[in-house]
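Take a look at the structure set out below.
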2 protein chains.
Amino acid sequence: MKVKKDKIFFRSDCPISSALDLFGDKWSLLIIRDIAYFGERTFKDFSEAAEGISSSRLADRLSKLESLGVLTKSNHPTNRKVYLYNLTTKGFDLFPIIAEYVLWSNKYLYDHISEPAKEFAKMLQSDREGTLNQFMKK
Amino acid sequence: MKVKKDKIFFRSDCPISSALDLFGDKWSLLIIRDIAYFGERTFKDFSEAAEGISSSRLADRLSKLESLGVLTKSNHPTNRKVYLYNLTTKGFDLFPIIAEYVLWSNKYLYDHISEPAKEFAKMLQSDREGTLNQFMKK
DNA sequence: AATATAACTTCCAATATGAAAGTAAAAAAA
DNA sequence: TTTTTTTACTTTCATATTGGAAGTTATATT
């Protein structure tokens with residue numbers, strides 16, 4: 001495990017800009033999404049997501065997210081060359097942000113998004129709390 | 001007004017990655033924030049925000065957001081060298097995303113964020129719908 | 001008439017990203 | 001038990017994005 005020195009520096013004391021300083025890139029929330037949706041994931045699992053993240057980028061996002069405390073890395077119970085990534089509560093708490101992105105896209109990019117995504121949006125619309133809890137209480 | 005050719009291409013049909021393809025940078029949501037919070041803004045107003053966006057970056061985010069239809073640019077009623085930027089409904093509809101960032105940061109970056117931000121988070125916690133409507137129904 | 005200002009644009013150095021190839025250790029296959 | 005795969009990265013390097021500073025142009029102000 002490497003010691004990363006990426007000092008986080010916040011552009012201001014605004015909670016929005018500060019969150020963006022931490023997760024405001026094109027990949028972090030997709031990593032969170034994968035774990036929230038599928039559960040425990042391996043490096044390879046993330047690599048195979050449709051968006052096609054490069055391994056160098058994936059490696060440093062994972063280590064950044066781990067050092068931020070939104071996810072954990074642990075050993076696979078039987079296979080010693082595989083590691084398992086999971087969300088912490090801090091990570092699951094990003095799920096409402098993800099949900100709002102889904103709702104916005106469902107409204108404005110409807111013709112572009114997948115059927116399962118539309119179903120998920122429908123669930124969120126009819127029962128926001130329940131749907132969020134279902135994903136966050138894992 | 002220049003014709004920008006930035007073709008948007010989506011990495012996948014996921015609503016989250018697609019939204020990030022449009023707004024997943026460090027500045028777009030801050031521009032939305034400024035208008036949602038203060039109302040109509042000028043180029044200079046945005047430039048003076050605490051985060052310190054550069055004018056080149058500001059210029060191209062504004063034109064990108066305008067071409068995406070989340071904001072509009074119009075003439076100032078009396079001063080012909082000033083332009084006014086406003087949100088469209090599509091832009092206001094990004095506000096719930098912003099609100100969730102505020103709530104997350106209020107929980108996990110509490111010691112770092114400003115007092116007014118904490119107040120806003122409190123409002124959201126006690127009356128989410130009402131608070132969102134207050135900002136989105138402008 | 002001279003000066004200042006708003007809204008950009010241009011240019012360039014610095015940083016971030018993506019793609020491809022490489023490495024090490026462990027697991028699976030032969 | 002030797003060979004081949006597989007997993008989880010790391011390294012390298014070309015390219016894209018960003019930040020900063022210095023213009024530019026058309027008003028507005030003094």
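Values in this document were obtained by computation on a predicted structure and should not be read as measured data. Hydrogens, waters and symmetry mates play no part in the numbers below; they use all other heavy atoms, side chains included. Throughout, protein chains are lettered first and strands after them, A, B, ... in sequence-line order, and every chain is numbered starting at 1.
- Rounded to whole Å, atom P of D/dT7 lies 13 Å from atom CG of A/L84.
- Summary of the strand contacts: B/V82 and A/I53 both lie near DNA chain C, and taking for each the nucleotide with the nearest heavy atom, the more 5' one is attributed to B/V82.
- No side-chain N or O of A/S63 forms a donor-acceptor pair with one of A/D60 less than 3.5 Å apart.
- Counting to the nearest Å, the P atom of C/dC8 and the CG atom of B/L65 are 13 Å from each other.
- If you check distances only, the side chain of A/S56 does reach the base of C/dA19 with a donor-acceptor pair under 3.5 Å.
- The side-chain heavy atoms of A/Y85 and A/F46, taken from C-beta on, include a pair separated by under 4.5 Å.
- The CG-P distance, from A/L58 to D/dA8, rounds to 10 Å in whole Å.
- Atom CG in A/L62 sits roughly 13 Å away from atom C1' in D/dT7 (whole-Å rounding).
- The aromatic rings of A/F120 and A/F135 sit perpendicular, their planes meeting at an angle over 60°, well past the 30° parallel limit.
- Contact annotation: A/R57 side-chain N/O to C/dA19 OP1/OP2 distance is not under 4.0 Å.
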Side chain to side chain contact (heavy atoms under 4.5 Å, CB included) between B/S55 and B/F43, worked out: CA-CA 9 Å; B/S55 60; B/F43 192 95; 4.0 Å; yes
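- Whole-Å rounding puts the B/N75 CG to D/dT27 C1' distance at 13 Å.
- A donor-acceptor pair under 3.5 Å links the side-chain atoms of A/T131 to the main chain of A/M123, judged by distance alone.
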Between the protein and nucleotides 22-28 of chain C, list the N/O to N/O atom pairs that are separated by less than 3.5 angstrom.
| from | atom 1 | to | atom 2 | distance (Å) |
| --- | --- | --- | --- | --- |
| C/dA27 | OP1 | A/R80 | N | 2.9 |

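- Using a 30° and 60° split on the angle between ring planes, A/W104 and B/F23 fall in the perpendicular class, above 60°.
- A/N75 has its side chain out of reach of A/R80: every pair of non-hydrogen atoms, C-beta onward, lies at least 4.5 Å apart.
- Taking atom CG of residue B/D25 and atom P of nucleotide D/dT18, one finds them 7 Å apart after rounding to whole Å.
- For B/K73, the listed nucleotide lying nearest its side chain is C/dC8; candidates were D/dC9, C/dC8, C/dA19.
- Here the nucleotide nearest the side chain of A/K44, chosen from C/dA7, D/dA8, C/dA19, is D/dA8.
- At the heavy-atom level, B/F43 lies under 4.0 Å from base atoms of the strands shown.
- Here the P atom of nucleotide C/dT15 and the CG atom of A/D21 are 17 Å apart, to the nearest Å.
- Residue A/F46 contributes atom CZ, which lies 17 Å from atom P of C/dG18 at whole-angstrom precision.
- For B/W27, the listed nucleotide lying nearest its side chain is D/dG19; candidates were D/dG19, D/dA8, C/dA7.
- Using a 4.0 Å heavy-atom distance criterion, B/Y85 is classed as a sugar-phosphate-only contact.
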